[in-house]
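Here's the structure, in structure tokens; my notes come after.
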Amino acid sequence: QVQLVESGGGSVQAGGSLRLSCTASGYTSSRYWMGWFRQAPGEEREGVATIYFGGGSTYYADSVKGRFTISKDNAKNTLYLEMNSLKPEDTAMYYCAAARLISGVNWSRLRIGDYNYWGQGTQVTVSS
């Protein structure tokens, strides 16, 4: 059973930075995509960024390109999200997710339904 545990959320002023981490356990293969999603109050969950653990390909939502960086440490089975130039509209619960690599999926679309496993989330609050 794959388990994902997020950490690193908090409160920051606009323009500030935060680094989220997600530690995965329960699988040994690197043939997974892992991503970050977020959900603001009253809004639908949306994709932020994703990375292929077996090769490093990445995709980002347009809203975070140039400000957020997704990265990984395969040895530690850990996913990161470096968030810079944070804006109040980045305020949300941030979730880590993992998806088994399967053919036919357009990973750039950051679709929630393509991911099999989810963490409990970590809150990010950006004040103006």
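FYI, side chains are in, hydrogens and waters are out, and symmetry mates aren't considered; it's all heavy atoms of this structure.
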With a 3.5 Å cut-off and sequence neighbours excluded, list the donor-acceptor pairs that the side chains of residues 79-88 form with protein atoms.
{"residue": "N84", "atom": "OD1", "partner": "S17", "partner atom": "OG", "Å": "2.8"}

Applying the 4.5 Å side-chain criterion to the ILVMFWY set and letting contacts propagate, would [X] and [Y] be lumped into a single cluster?
| X | Y | value |
| --- | --- | --- |
| Y52 | I70 | no |
| Y117 | L101 | no |
| L20 | I112 | no |
| V2 | I102 | no |

Point-to-point distance, once rounded to the nearest 0.5 Å, from [atom1] of [X] to [atom2] of [Y]:
| X | Y | atom1 | atom2 | answer |
| --- | --- | --- | --- | --- |
| L18 | S11 | CG | OG | 8.5 Å |
| Y60 | K65 | OH | NZ | 10.5 Å |
| R38 | M93 | CZ | CE | 14.0 Å |
| R67 | T69 | CZ | OG1 | 11.0 Å |
| Y59 | R109 | OH | CZ | 12.5 Å |

Considering all heavy atoms of both residues, which atom of [X] and which atom of [Y] are nearest to each other, and what is their separation?
| X | Y | result |
| --- | --- | --- |
| I51 | S71 | CD1-CA, 4.0 Å |
| C22 | L4 | SG-CB, 3.9 Å |
| A24 | M34 | CB-CE, 4.2 Å |
| V48 | V64 | O-CG2, 3.5 Å |
| C96 | E6 | N-OE2, 2.8 Å |
| A98 | Y32 | CB-CD2, 4.1 Å |

Task: Counterpart residues, side chain to side chain donor-acceptor pair (under 3.5 Å), relative to R31 (two or more places apart) - done: none

Task: Which residues share a side-chain contact (heavy atoms from CB on, under 4.5 Å) with D114, sequence neighbours left out - done: V105, W107, R111

Task: Heavy atoms of other groups near Q123 CD, more than 12 under 6.0 Å - done: yes

Open item on the list: Quick check on Q13: does its CD atom have over 12 non-hydrogen neighbours (other residues, nucleotides or ligands) under 6.0 Å away?
Closed with: no

Task: Qualifying residue for ring-ring contact (aromatic ring centres under 6.0 Å, His included) with F37, from Y115, Y94, Y95 - done: Y115

Open item on the list: Does the Lys NZ or Arg CZ of R100 fall within the cation-pi geometry relative to W33 - under 6.0 Å from the ring centre and within 45° of the axis?
Closed with: no

Open item on the list: Measuring centre to centre across the rings, with the benzene-like ring taken for any Trp, is W36 within less than 6.0 Å of F68?
Closed with: no

Task: Backbone N/O of T125 and side chain of T91: donor-acceptor pair under 3.5 Å - done: no

Open item on the list: Donor-acceptor check, side chain of D90 to backbone of V126, threshold 3.5 angstrom: yes or no?
Closed with: no

Task: CA sep, side-chain torsions, deciding dist, call: T50, T58, side-chain contact (heavy atoms from CB on, under 4.5 Å) - done: CA-CA 6 Å; T50 191; T58 60; over 6 Å; no

